[in-house]
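What follows is a single structure, written as structure tokens, with notes after it.
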Amino acid sequence: MTTLPTRIRQNVRDHFKSPTCPLTVKTTALTSTLGYPILIDPEWTMLWKSLQAHYPDSSTFVPDVASTILAWCDAFLSWLENNENEAHVETLLDFLQSKSRVEISLEISTASKRPSTVWHKRKSCFIVALPNGKLPQQHTALAGFSTDFINLFNASPPMQASGAPANVSSLPTDTDDWADLDLGSPESQMAPHSHIETRLNMVRVDVEDTIPDISTIQRPEELMRRPPYWLVVRQEGRMNVTVQGSHAPSMACLDEYLRRWCRGDTSRVNRPPTVEIKLQESVFGLGLLHDTVTLEAVRGREVNAMLVLVFVENVLGYSPVPSSGSAGSVWEFRRTKGFK
């Protein structure tokens, strides 16, 4: 927060933290209706970095975000009070029992032109995705959120991996470059090779890369959706396996599979899993980005990486990469083809 402009810090205090501001009044009313407190703690530094180009007047930034959250609260309250949604509301209440609060996480979306919301089942929180642009007026946001809540607990489409075509350098195709070669002459056996080598050297010089401007580079969660995807598996002793990957949907798929087939401890009445599996969130980026899965055996059991290795190659389609690392304890994989 200390790196933010003073005006933004003041607006955060006035529009989000003040007990008398409209947003606090609205969330208090929601708490009374739902029975659970509302928790909103935006990453203001990251939000400002992503949207500051669209807010030359920084004094309107926080009020616009607050207005969007107010619209979300209004749509949520209408959804809660609609008798047709009774079954879905009960489903939500079941999800909230483990946390005893409603968490709202803000992120930036490059795919949507309006604010949108979804329920993140794994983290038991609402995701409010803001468009990468100036936020719309409150009534526009309200209409969009109302539509999203209608399909709140329906299956959401899988995350798509966005790929970018690689820049491929080729030799010049200008026929004048080859006009002076007589392919029928004795010299032609040597000349084409020397000419091609000369042209290749010219092309290499012409396409020298430059370091990109940091402001033009995609956020981590967008950048890591592009192939190639990297994945590293580490066997750390007899009780721990760590999997690190650049492609978040691959990590989520692996996590779901391992949880589904993990055996329960038959010596315990509630049959808890014999391995503690955690899908960990990355320390980088603005949106939800998972890059690590950890497996830790409990109650004296052991766990090895064999199932993980088979799943990574046979299901996810990654290829092993020759490595000079610790043989038998570290495995590296790479996938160059994007997912649909």
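Residue numbers count from 1 along this sequence. All of these numbers come straight from a predicted model, not from anything done at the bench.
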Path from [X] to [Y] over hydrophobic side-chain contacts below 4.5 Å:
X      : Y      : result
Trp261 : Val241 : yes
Val315 : Val321 : no
Leu92  : Leu39  : no
Trp230 : Val233 : no
Val310 : Tyr257 : no

Does atom [atom1] ([X]) have a neighbourhood of more than 12 heavy atoms from anything else shown, all under 6.0 Å?
X      : atom1 : result
Lys99  : NZ    : yes
Glu86  : CD    : no
Arg122 : CZ    : yes
Lys134 : NZ    : yes

Practice problem: Please report the C-alpha distance between Val102 and Thr31 in whole Å, then the side-chain angles of each, then the deciding distance to 0.1 Å, and finally whether the side-chain contact (heavy atoms from CB on, under 4.5 Å) criterion is met. | Solution: CA-CA 9 Å; Val102 178; Thr31 298; over 6 Å; no
Say whether, by atom type as modelled, one donor and one acceptor occur between the side chain of [X] and the main chain of [Y] under 3.5 angstrom.
X      : Y      : value
Arg335 : Leu316 : yes
Thr68  : Asp64  : yes
Trp79  : Phe149 : yes
Thr24  : Ser18  : yes
Gln235 : Gly237 : yes
Arg259 : Ile277 : yes
Ser124 : His120 : no
His54  : Asn132 : yes
Tyr229 : Arg225 : yes
Ser282 : Asp291 : no

Exercise. Carefully, step by step, assess Tyr36 and Leu30 under the rule side-chain contact (heavy atoms from CB on, under 4.5 Å).
Key: CA-CA 8 Å; Tyr36 291 108; Leu30 266 176; over 6 Å; no
Nearest non-hydrogen partners of [X] and [Y], listed with the distance:
X      : Y      : answer
Ser50  : Arg219 : OG-CD, 3.6 Å
Pro320 : Pro322 : O-CD, 4.0 Å
Thr20  : Val25  : O-CG2, 4.1 Å
Ser112 : Pro131 : O-CB, 3.4 Å
Cys125 : Ser105 : SG-CB, 4.5 Å
Pro273 : Val298 : O-CG2, 3.7 Å

At what distance, to the nearest 0.5 angstrom, does [atom1] of [X] lie from [atom2] of [Y]?
X      : Y      : atom1 : atom2 : value
Cys253 : Leu279 : SG    : CG    : 11.5 Å
Thr292 : Asp255 : OG1   : CG    : 11.5 Å
Ile40  : Thr27  : CD1   : OG1   : 6.0 Å
Ser319 : Glu313 : OG    : CD    : 7.0 Å
Ile69  : Ile38  : CD1   : CD1   : 11.5 Å
His290 : Lys278 : NE2   : NZ    : 13.5 Å

Measuring only between side-chain heavy atoms, which start at C-beta, is [X] closer than 4.5 Å to [Y]?
X      : Y      : result
Leu70  : Leu142 : no
Ile8   : Pro5   : yes
Val243 : Leu231 : yes
Gln218 : Arg226 : yes
Leu34  : Leu93  : yes
Leu106 : Leu130 : yes
Trp44  : Asn11  : no
Ile108 : Leu47  : yes

Quiz item: Can you name the one residue among Glu236, Arg234, Gln280, Glu296 that meets side-chain hydrogen bond (donor to acceptor under 3.5 Å, both in side chains) with Thr242?
Solution: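 Output: one option passes, namely Glu236.
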Self-check item: side-chain contact (heavy atoms from CB on, under 4.5 Å) between Asp265 and Arg271, worked out
Solution: CA-CA 5 Å; Asp265 187 349; Arg271 296 176 63 87; 5.9 Å; no
Practice problem: Kindly determine whether Phe95 and Lys121 satisfy side-chain contact (heavy atoms from CB on, under 4.5 Å), including the steps that lead there. | Solution: CA-CA 8 Å; Phe95 287 145; Lys121 185 176 179 181; 4.1 Å; yes
Is the closest basic N to carboxylate O distance between [X] and [Y] below 4.0 Å?
X      : Y      : answer
Arg114 : Asp148 : yes
Asp74  : Lys26  : yes
Glu332 : Arg334 : no

Practice problem: Under the ring pair (Phe, Tyr, Trp, His ring centres under 6.0 Å) rule, what do Phe333 and Tyr318 come out as? Steps first, then yes or no, please. | Solution: CA-CA 6 Å; Phe333 297 88; Tyr318 284 70; 7.2 Å; no
Practice problem: Decide salt bridge (charged side-chain N to carboxylate O under 4.0 Å, His left out) for Lys123 and Glu103; before the verdict, give the C-alpha distance in whole Å, the side-chain angles of both, and the deciding distance to 0.1 Å. | Solution: CA-CA 9 Å; Lys123 298 183 73 68; Glu103 293 184 6; over 6 Å; no
Quiz item: Is the ring centre of Tyr55 less than 6.0 Å from the ring centre of Trp48?
Solution: no
Quiz item: What's the verdict on ring pair (Phe, Tyr, Trp, His ring centres under 6.0 Å) for Phe76 and Phe145, showing C-alpha distance, side-chain angles and the deciding distance?
Solution: CA-CA 8 Å; Phe76 185 39; Phe145 286 139; over 10 Å; no
Quiz item: Can you name the residues that form a side-chain hydrogen bond (donor to acceptor under 3.5 Å, both in side chains) with Gln138, not counting sequence neighbours?
Solution: Ser67
